[in-house]
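First the structure, in the form of structure tokens, and then the observations on it.
Lettering follows sequence order; numbering is per chain, from 1.
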Protein chains: 2
Amino acid sequence: MNGRSAMRLARLQEALVGGGTIHLSEAARLCGVSEMTIRRDVAASDGAIVFIGGRLVMADNPQFAPVYDLDEQRGSHYFAKQRLCHEAAAFIEEGDTLFIDCGTTLMPLVSLLSSFNALTVVTYALNVASAVAALPGVRLILLGGLYHDSSQSFGSDDMDEAIERLGINKAFISAAGVDPERGVSCFHFHEVAPKRAAIAAATQCILVVDETKLGVIRPARFAGLEAFDVLICDGEAGQALSSWQRHATATRIRILLA
Amino acid sequence: MNGRSAMRLARLQEALVGGGTIHLSEAARLCGVSEMTIRRDVAASDGAIVFIGGRLVMADNPQFAPVYDLDEQRGSHYFAKQRLCHEAAAFIEEGDTLFIDCGTTLMPLVSLLSSFNALTVVTYALNVASAVAALPGVRLILLGGLYHDSSQSFGSDDMDEAIERLGINKAFISAAGVDPERGVSCFHFHEVAPKRAAIAAATQCILVVDETKLGVIRPARFAGLEAFDVLICDGEAGQALSSWQRHATATRIRILLA
DNA sequence: CATGTTTTGTGATTTTTCTAACATTTTTTT
DNA sequence: AAAAAAATGTTAGAAAAATCACAAAACATG
């Protein structure tokens, strides 16, 4: 990609941020180049803007649900996550202060918040923040710091203190691995502090993972299973289920299947 | 519209709720009918679902709302801002730690950062952060807090302390009003603390405003003109220019015209 | 300033989407 | 059960969009 091309894309991106589409011809006119050049720009770009039937739309704006075809979404566990989040949303009440963890698992939860009008969301994830910022009735508190690309989230030394100062009601936590003996873990160490602080601060802790995470151990352990009040999981393959129910009664965790 | 048709539409609507698109062929397969039937269903419906380039989308999906030419008006401003930012970018060197202010003025500056690979950007604006996060070679530090929709930025009590702790090289500041006697001002009071802290911390302060801001006073004053080393402005209408040059020599500020 | 490279434009070609007409099937009515 | 009506499928052609190939222009470089 070249400099001028990047500038045109930025120009178009600015036009499309906040939603909407523009037709190829319109985009070409706007940038003062031919339609073919716009096509080439978009094709060579990182995929932030895509074509849909001769129109340009923002694709990766987390503010919106993905544009991809539904069968692709099916493949990427999109529907599974949607179901999980639907279950999770049932715990939310008007006036709550929610902690929402980073990752893609809890993204569908954000779009379910639009029906409330007195929520506060605390997060340290950029994608979550961008999505929440678009909701009119939801207050957003972003815990800043140094950005980590790997998890689209921020990390800082005093994040735990910042979380302590907030009155968090319910914490929705995601994880990359959940094991009854070895606890709940994630990939990145900078996520440990905010997760722990949120779990400690929250009245109710809800762990949301899809079933591929069960029995898996990742490098950064941040809690034991007993730290959570509810585990929301999708039990398509119910084989491991019975053993998990045993663990559940042992740790008093409540398992919900989406 | 007929009963079976309504049922198919309901089914498709369910698949599309929460955004996303579904291709005509996919929809036909999903409902077990021909593509033509889906077309007829959609055509005869109330308009909740619409076609866009062979794909079905919910009509109320803001992502697909046609954004008619936000042209000239916003477009011309955009190019002005682009010029301003091009001037501003000339001050940036490899290895710098930049403070980038909120607003739309400095957005084009972000896309100009992609040619560097050892920059650090400090900001308290969500739109700036989102844009910087996409750049591979740039470290991002976001100053978090409570989100303010009006300026797409965050505010918190300890932001000034957080800025003090950072080694900021160059501060790029935007403003809603610049007046030689009454100083530099913005609309929102929560912007004052970070702007002041950044100005105090930075080695070099660069004020970037378009000429419509000259001679304007806004509610929240955050600095005098003498606090800045450089003022970058577009001098299309050069009328006020001579008087500004006088102020410039008085305050030792360097005026650049884009 | 000539040279080679990159970027952009143009027109031809292929693919996809849209529309319309008519055939076929299903449902309803008599 | 036959006829009529409604719904759906099939095909063909028009329109739009996507791709390709090459020419022209802009840019960089020695």
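Put simply, the side chain of B/Asp234 gets close to the backbone of B/Glu211: a donor and an acceptor are under 3.5 Å apart.
Remark: of the listed residues A/His188, A/Glu191, A/His190, A/His190 is the sole one forming a side chain to side chain donor-acceptor pair (under 3.5 Å) with A/Ser153.
At least one side-chain nitrogen or oxygen of B/Thr37 sits closer than 4.0 Å to the OP1 or OP2 atom of D/dG9.
One atom, CE of B/Met7, and another, P of D/dA7, lie 13 Å apart when rounded to the nearest Å. Protein atom CG of A/Leu56 is 10 Å distant from nucleotide atom P of D/dA18, rounded to whole Å. Atom CD1 of B/Ile38 is separated from atom C1' of D/dG9 by 13 Å (rounded to the nearest Å). In this entry the distance linking CD of B/Glu35 with P of D/dT11 reads 13 Å, nearest Å. Atom pair B/His23:NE2 and C/dT15:P shows a separation of 16 Å (rounding to whole Å applied). Put simply, CZ on A/Arg8 is 8 Å from C1' on C/dT8, counting in whole angstrom units. Protein atom CG of B/Asp41 is 10 Å distant from nucleotide atom C1' of D/dT8, rounded to whole Å. Computed from coordinates, the B/Met36 CE to C/dT19 P distance equals 8 Å when rounded to whole Å.
For the pair A/Arg40 and B/Gly53, nearest-nucleotide mapping onto DNA chain C gives the more 5' position to A/Arg40.
For A/Tyr124 and A/Phe154, the gap between ring centers reaches or exceeds 6.0 Å.
Using a 4.0 Å cut-off between charged nitrogen and carboxylate oxygen, B/Lys170 and B/Glu93 count as a salt-bridge pair.
Here the side chain of B/Ser34 is nearest to one of D/dG9, D/dA18, C/dG9, namely D/dG9.
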